[in-house]
Amino acid sequence: MGKTTVCIVGLGYVGLPLACRCAEVGFVAKGFDLDKKKIELISSGKSPIDDKWLQAKVRRLHKKMQVSANARQALNACDVIVVCVPTPAKGSRPDLAPVRSACRAIAENIQPGQRPLIVVESTVYPGTLRHIVKPIIERNGLKAEKDFFLAHCPERIDPGNRQWTLENIPRVFAALSSEGEKRGLSFYKKIIKAKIILFRRPEEAEAVKVVENTFRDVNIAFVNELSKSFEKMGIDLSEVIKGASTKPFGFMPFYPGPGVGGHCIAQDPYYLIARAKQAGFTHRFLQLAREINNSMPLHTVSLVGRSLGRLGLRPANAKIAILGISYKPNVDDARESPALKIIGLLRKRNAKPVVFDPFFPGMSNAGSLQQAVRKADCVVLATHHSLFVKKLSPAFLKRNKVRSVVDARNVLDKQGIIEKGIIYFGIGR
Ligand code: SAJ
């Protein structure tokens with residue numbers, strides 16, 4: 001038996017680490033991506049994703065990987081094909097176009113007799129493998145569970161997380177047949193050390209991922225809604241969450257903020273909502289949670305308005321500094337970022353915000369944190385990068401003649417800032 005050949009379809013946050021891992025464990029690791037620039041970068045040993053850990057992996061392993069933008073070259077003669085393409089939500093509707101196109105490329109390029117295992121790792125809604133993926137790949141006359149084997153193993157990568165990685169995060173897995181199950185378990189046992197929880201049907205495995213991310217979305221919506229009532233009641237919600245977190249069981253802290261960004265939590269609930277609707281059920285609660293989280297950028301902008309109002313200013317005639325573009329701290333990922341929504345809303349109010357994010361120099365119009373905050377009428381902390389939390393002391397703000405702060409992540413020294421005579425607004429504090 002020669003070496004197992006694996007092709008990863010989609011070389012992004014999920015696919016690229018997986019391709020590196022396959023090379024690392026000794027598979028013949030191939031990769032397919034439509035983005036030629038990405039292919040060139042990886043072939044030259046550079047990661048298209050600005051992540052030091054991943055940069056080092058690609059530099060070390062790229063010579064052991066064969067990446068290509070040519071589907072035939074990438075997909076033929078593979079024993080295992082793993083689909084890691086994005087599953088965004090357009091507006092609030094699931095968009096499976098990338099999955100469909102990946103399946104078409106697979107259907108057109110696997111050969112009779114190749115009999116690959118095809119695993120979908122992308123986050124999808126229950127029933128996708130059986131009712132969408134299978135028919136597309138069978139379109140050219142191939143027969144599922146005879147000419148190819150289907151399975152689902154949802155990815156759980158958390159970009160930037162060094163504690164939980166591809167290798168040590170437990171995974172759920174399900175296949176459409178025992179042959180697919182056997183091959184899939186043998187594949188995943190070679191690349192991950194963590195537990196693999198086997199499901200009898202792919203539908204449950206597909207539901208696991210959307211449920212775990214929707215769980216986060218509704219809990220974030222819970223504290224975001226609380227932040228609005230606690231502001232009116234004059235109660236500091238961040239203190240209350242700290243207090244509730246002292247309960248050693250039955251409570252899990254979530255934190256109010258400027259909104260929910262990222263390619264998982266902000267989008268996955270729409271897959272569950274849409275699939276349930278197809279089955280005749282309307283998820284009012286999940287829908288409402290999405291609306292609450294989507295209302296937070298506007299809520300943050302209203303706090304900017306109130307803050308400037310106290311100075312006799314409006315967004316159009318004030319210096320407003322937006323600190324942070326990323327959707328979460330210490331990553332260079334701006335997908336669905338609330339900061340971008342806040343900037344858009346302020347521009348609609350004829351403001352010209354100064355923006356600074358060290359992870360996005362190209363999207364910043366200030367060259368440094370000091371240049372951004374200098375003499376700002378209002379500083380908005382939209383993303384709590386460690387650099388910002390460290391630097392934005394009351395003394396620093398005072399020294400730079402900052403007049404007001406909207407701490408959209410509730411991480412700054414509220415008391416100290418107020419004692420410096422600087423107006424302070426938090427989210428629910
Ligand atoms: N957020 C809040 N309050 C919170 C937690 C998050 O406002 O209490 C915001 C964040 O600022 C961000 C968004 O929600 O804008 C999403 O944050 P996240 O911490 O959930 O980070 P993600 O989107 O990177 O989620 C990933 C997910 N991983 C996968 O889907 C494989 C998620 O399942 C993980 O639980 C999460 O990372 C994690 O725990 O870090």
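FYI, side chains are in, hydrogens and waters are out, and symmetry mates aren't considered; it's all heavy atoms of this structure. Counting starts at 1 for both ligands and their atoms, following the listed order. As the structure is a prediction and not an experimental result, all values here were calculated from the model.
The side chain to side chain contact (heavy atoms under 4.5 Å, CB included) with T87 is formed by just one residue from the set P94, P98, S122; it is S122.
Ranking the protein heavy atoms by distance from atom 20 (O) of ligand 1 puts R216 NE, 2.7 Å first. Atom 11 (O) of ligand 1 has R409 NH1, 2.7 Å as its closest protein atom, hydrogens excluded (heavy atom only). Of the protein's non-hydrogen atoms, the one nearest atom 9 (C) of ligand 1 is G259 O, 4.1 Å. Summary of contacts: the protein heavy atom closest to atom 6 (C) of ligand 1 is I220 CD1, 3.5 Å.
Taking every non-hydrogen atom of I265 and a distance limit under 4.0 Å, the qualifying atoms of ligand 1 come out as 16 (C), 20 (O), 23 (O), 25 (O), 32 (C). Counting atoms of ligand 1 from 1 in the listed order, those under 4.0 Å from a heavy atom of D158 are 24 (O), 26 (C), 37 (O), 38 (C), 40 (O). Listed by number with element, the atoms of ligand 1 under 4.0 Å from a non-hydrogen atom of K209 are 29 (C), 30 (O), 31 (C). Numbered from 1 in the order shown, with element, the atoms of ligand 1 that lie under 4.0 Å from a heavy atom of F254 read 8 (O). Atoms of ligand 1 lying under 4.0 Å from at least one heavy atom of Y255, given by number and element, are 2 (C), 3 (N), 4 (C), 7 (O), 8 (O). Near E155, with a cut-off below 4.0 Å to any heavy atom, the atoms of ligand 1 are 31 (C). Atoms of ligand 1 found under 4.0 Å from any heavy atom of C264, numbered from 1 in the order shown, are 29 (C), 30 (O).
The nearest non-hydrogen atom to atom 32 (C) of ligand 1, considering only N293, N213, N219, comes from N213. With distances taken over non-hydrogen atoms, the option nearest atom 21 (O) of ligand 1 out of H263, K328, M296 is K328. Nearest residue to atom 15 (O) of ligand 1 from Y327, Y13, W164 is Y327 (criterion: closest heavy atom).
Taking 4.5 Å as the limit, some side-chain heavy atom of V82 sits within range of a side-chain heavy atom of V6.
Separation of atoms CG (N410) and CD (E239) is listed at 10.0 Å; rounding is to 0.5 Å. The CZ atom of R59 lies 6.5 Å from the CD atom of Q55; values are rounded to the nearest 0.5 Å. Between the CD1 atom in I137 and the SG atom in C103 there is a gap of 4.5 Å [rounded to 0.5 Å]. Rounded to the nearest 0.5 Å, atoms CG (L272) and NZ (K209) are 13.0 Å apart.
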- Message: Assess the residue pair R429 and D407 against the criterion (salt bridge (charged side-chain N to carboxylate O under 4.0 Å, His left out)); give the C-alpha distance rounded to whole Å, side-chain angles, the decisive distance to 0.1 Å, and a yes or no.
- Response: CA-CA 9 Å; R429 83 184 296 223; D407 177 9; 3.3 Å; yes

Could you pull out all donor-acceptor pairs under 3.5 Å where a side-chain atom in residues 127-134 meets a protein atom, sequence neighbours excluded?
unit_1, atom_1, unit_2, atom_2, d
T128, OG1, Y125, N, 3.3
T128, OG1, Y125, O, 2.6
R130, NE, E203, OE2, 2.7
R130, NH2, E203, OE1, 3.0

Under 3.5 Å, which donor-acceptor pairs link side chains of residues 250-270 to any protein atom two or more places apart or in another chain?
unit_1, atom_1, unit_2, atom_2, d
H263, ND1, R335, NH2, 3.3
Q267, OE1, A89, N, 3.3
Q267, NE2, E336, OE2, 3.2
D268, OD2, N213, ND2, 2.6
Y270, OH, R290, NH1, 3.4
Y270, OH, N294, ND2, 3.2

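The residue E336 has no part lying near ligand 1, judged by heavy-atom distances below 4.0 Å. Only the backbone of I157 comes within contact range of ligand 1, with a heavy atom under 4.0 Å; no side-chain atom does.
In terms of polar-atom proximity, G261 is counted as a contact of ligand 1, with an N or O under 3.5 Å from an N or O of the ligand.
Counted within 6.0 Å of CZ on R60, heavy atoms from surrounding residues, nucleotides or ligands total more than 12; the atom is thus considered enclosed.
Using cut-offs of 30° and 60° for the angle between ring planes, the H283 and F281 rings count as perpendicular.
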